[in-house]
There are 2 protein chains.
Amino acid sequence: MAEGQSQNTSSGQALLYLTDEQLRQGIEAMFFAYRGFTADPDRILEGLSYGRAHHRAIHFIHCAPGTTVNNLLAILGVTKQSLNRVLRTLIEDGLVTSHVGRSDKRERHLTLTEAGEALEQQLSDAQRARMRDAYRKAGPEAVAGFKTVLEAMMDDDMKRAYLALREGR
Amino acid sequence: MAEGQSQNTSSGQALLYLTDEQLRQGIEAMFFAYRGFTADPDRILEGLSYGRAHHRAIHFIHCAPGTTVNNLLAILGVTKQSLNRVLRTLIEDGLVTSHVGRSDKRERHLTLTEAGEALEQQLSDAQRARMRDAYRKAGPEAVAGFKTVLEAMMDDDMKRAYLALREGR
DNA sequence: GAAAATACGTCAGTCTTGTTGACATTCCAA
DNA sequence: TTGGAATGTCAACAAGACTGACGTATTTTC
């Protein structure tokens, strides 16, 4: 309570960008932008009997081929049962293959098939096209700021996962 | 297909921030950041038998008191059946009131009760606290860039709704 | 004044995606 | 070798989105 007022009184003009009104605008911008962010892949998936969960699985399997179910679980932040349902349909439909681990036979290593890679391309082309337009309109400095703020918004665990993905490439 | 390569070859160094790899990083940053963005309110709502849908309704009723059901529908981008389920529970629980319109008696005007405002405060305090931390860490220039990119990511309809909300305050 | 359009609510059914609980298999360490 | 921990699978359920159909009150249009 009343923490909203404090930035105005404590530090003068320099912190005007931290007013409640500015923060509220940022919150709403996140809400509306995220809708745009997912709109294109959602449109493609609709009618294929796949959803956003399938998209996420495909995206991260593409980025880290041979990853295990457990690994994917940590990145996606859902229960293994939830992920399993998605993976089962993807495997049944021949988009993902699951291989028993060589050293640890409990693990299943996940890879996209050719068909899986093709769908991944289609989905990420659409999503990247929107991002590219946004980036181009906004310019490089804005993009740098965009990433800085997003990273600061993540939970520490998420930031670790995010940075680990960047390292791995 | 192959649109990913084009920025590298066509325009040299100036457009390096538009590479597929940069775009992919941005996509993942959006994904992880949005999780952080919703984490705090989700935690508060959990156990109250409310979900993210209730949060969204409360947020926008707070911002536009007296708004109509139809209006809210357009902003939230869901069906009236879906919104109705949420509104019914909020009204039953005494967080929202619904008044028949004065000039047009078909309309219902929605307002938060005192209890509703209290919950809204609690939720948005948590969310703003995270945004404030992120903004403070990132600094004013980064925040400006952040908003620029988010606005560029929105669909045109969404951008109109977003800007209309800013005007109304 | 009658007919069409609008605003809202509701019932019924489906789909995606999250949850918990129970269980099989495999590995490892006491 | 045996019991616990880790990995993954199956089954059942709940939240929240969707469509479609229908009912009611009110406004607008002809």
Side-chain angles (χ1 to χ4, degrees), chain A residues 31 34-35 38-39 41-61 66-93 96-111 123, chain B residues 31 34-35 38-39 41-59 61 66-93 96-111:
Chain A
F31 171 72
Y34 198 78
R35 284 250 294 275
T38 57
D42 282 358
R43 238 188 313 274
I44 295 173
L45 263 350
E46 154 188 346
L48 271 142
S49 77
Y50 291 146
R52 214 172 281 179
H54 299 82
H55 181 195
R56 289 195 286 259
I58 288 173
H59 177 99
F60 287 109
I61 294 175
T67 188
T68 65
V69 174
N70 228 7
N71 210 319
L72 210 50
L73 241 41
I75 291 175
L76 295 176
V78 296
T79 59
K80 60 182 176 173
Q81 295 89 332
S82 196
L83 175 58
N84 190 254
R85 186 175 348 96
V86 169
L87 284 179
R88 191 166 45 209
T89 69
L90 290 176
I91 291 171
E92 278 171 8
D93 295 352
V96 169
T97 54
S98 163
H99 289 299
V100 173
R102 276 166 45 94
S103 60
D104 188 335
K105 289 177 186 164
R106 292 172 303 181
E107 295 178 338
R108 300 297 134 91
H109 296 277
L110 305 167
T111 323
L123 292 170
Chain B
F31 171 70
Y34 197 78
R35 284 252 293 277
T38 56
D42 282 358
R43 239 188 312 274
I44 294 174
L45 262 350
E46 155 187 347
L48 272 144
S49 76
Y50 291 147
R52 213 174 283 178
H54 300 81
H55 180 196
R56 289 194 286 259
I58 289 174
H59 176 98
I61 294 175
T67 189
T68 65
V69 174
N70 235 1
N71 211 319
L72 208 50
L73 240 40
I75 292 175
L76 295 177
V78 296
T79 59
K80 64 175 178 177
Q81 294 91 329
S82 205
L83 176 58
N84 192 255
R85 186 179 347 101
V86 169
L87 282 180
R88 192 165 43 207
T89 69
L90 290 176
I91 291 170
E92 277 170 8
D93 295 354
V96 169
T97 54
S98 163
H99 289 299
V100 172
R102 276 169 46 94
S103 59
D104 189 334
K105 289 174 188 166
R106 292 171 304 179
E107 295 178 337
R108 300 298 134 89
H109 297 277
L110 303 168
T111 323

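In the text below, chain A, chain B and the rest are named by the order of the sequence lines, each starting its count at 1. Treat the numbers as computed from the prediction; the structure is a model and nothing was measured. The figures here come from the full heavy-atom set of this structure, side chains too, leaving out hydrogens, waters and symmetry mates.
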Where the side chain of Asp104(A) is defined as all heavy atoms beyond and including C-beta, which of dG16(D), dT26(C), dG8(D) is the nearest nucleotide? dT26(C)

Separation of Arg102(A) atom CZ from dT26(C) atom P, in whole Å? 17 Å

Gap between atom OG1 of Thr97(A) and atom CD1 of Ile61(A) - 0.5 Å precision: 8.5 Å

Nearest-Å distance, CG (Leu110(B)) to P (dG9(C))? 8 Å

Scan residues 73-87 of chain B against DNA chain C and write down, sorted by residue number, each residue with any heavy atom closer than 4.0 Å; if none is found, say none. Lys80(B), Gln81(B), Asn84(B)

Which is it for Asn70(A) and Glu107(A) under the side-chain contact (heavy atoms from CB on, under 4.5 Å) test, yes or no, and what are the steps along the way? CA-CA 8 Å; Asn70(A) 228 7; Glu107(A) 295 178 338; over 6 Å; no

Residue closer to the 5' end of DNA chain C, Gly101(A) versus Thr68(B) (nearest nucleotide): Thr68(B)

Respond yes when some side-chain nitrogen or oxygen of His54(A) is under 4.0 Å from OP1 or OP2 of dT17(C), and no when none is. yes

Let's see if you can work this out: which of dC10(D), dC8(C), dG9(C) has an atom nearest to the side-chain heavy atoms of Arg88(A)? dC10(D)

Partner of His54(B) under side-chain contact (heavy atoms from CB on, under 4.5 Å), chosen from Val86(B), Leu87(B), Asp93(B): Val86(B)

May I have the distance from Asp93(A) (atom CG) to dT16(C) (atom P), rounded to whole angstrom? 11 Å

Students often mix this up, so state it plainly: with edges at 30° and 60°, are the rings of His55(B) and His59(B) parallel, tilted or perpendicular? perpendicular

Spacing of His99(B) atom NE2 relative to dC8(C) atom P, expressed in whole Å: 15 Å

Classify Ser103(B) by what it touches in the nucleic acid, base, sugar-phosphate, or nothing, heavy-atom distance under 4.0 Å. sugar-phosphate

Taken to the nearest whole Å, CD/Glu107(A) to C1'/dA24(C) is 17 Å

Can you tell me how far P of dC15(C) sits from CG of Leu48(A), to the nearest Å? 15 Å

So, under a plain 3.5 Å distance rule, would you say the side chain of Arg106(B) forms a donor-acceptor pair with the base of dT6(C)? yes

For the atom pair CG (Leu73(A)) and OG1 (Thr68(A)), what is the distance rounded to the nearest 0.5 Å? 8.5 Å

Atom-to-atom span, CG of Leu72(A) to P of dA6(D) - whole angstrom: 19 Å

Could you check how far CD of Glu92(B) sits from P of dG9(C), rounded to whole Å? 13 Å

Output, in order, the C-alpha distance, side-chain angles, deciding distance and verdict of side-chain contact (heavy atoms from CB on, under 4.5 Å) for Gln81(B) and Arg85(B). CA-CA 6 Å; Gln81(B) 294 91 329; Arg85(B) 186 179 347 101; over 6 Å; no

Are the side chain of Arg35(B) and the backbone of Leu76(A) linked by a donor-acceptor contact shorter than 3.5 Å? yes

dT6(C), OP1 or OP2 - any side-chain N/O from Asn70(B) closer than 4.0 Å? no

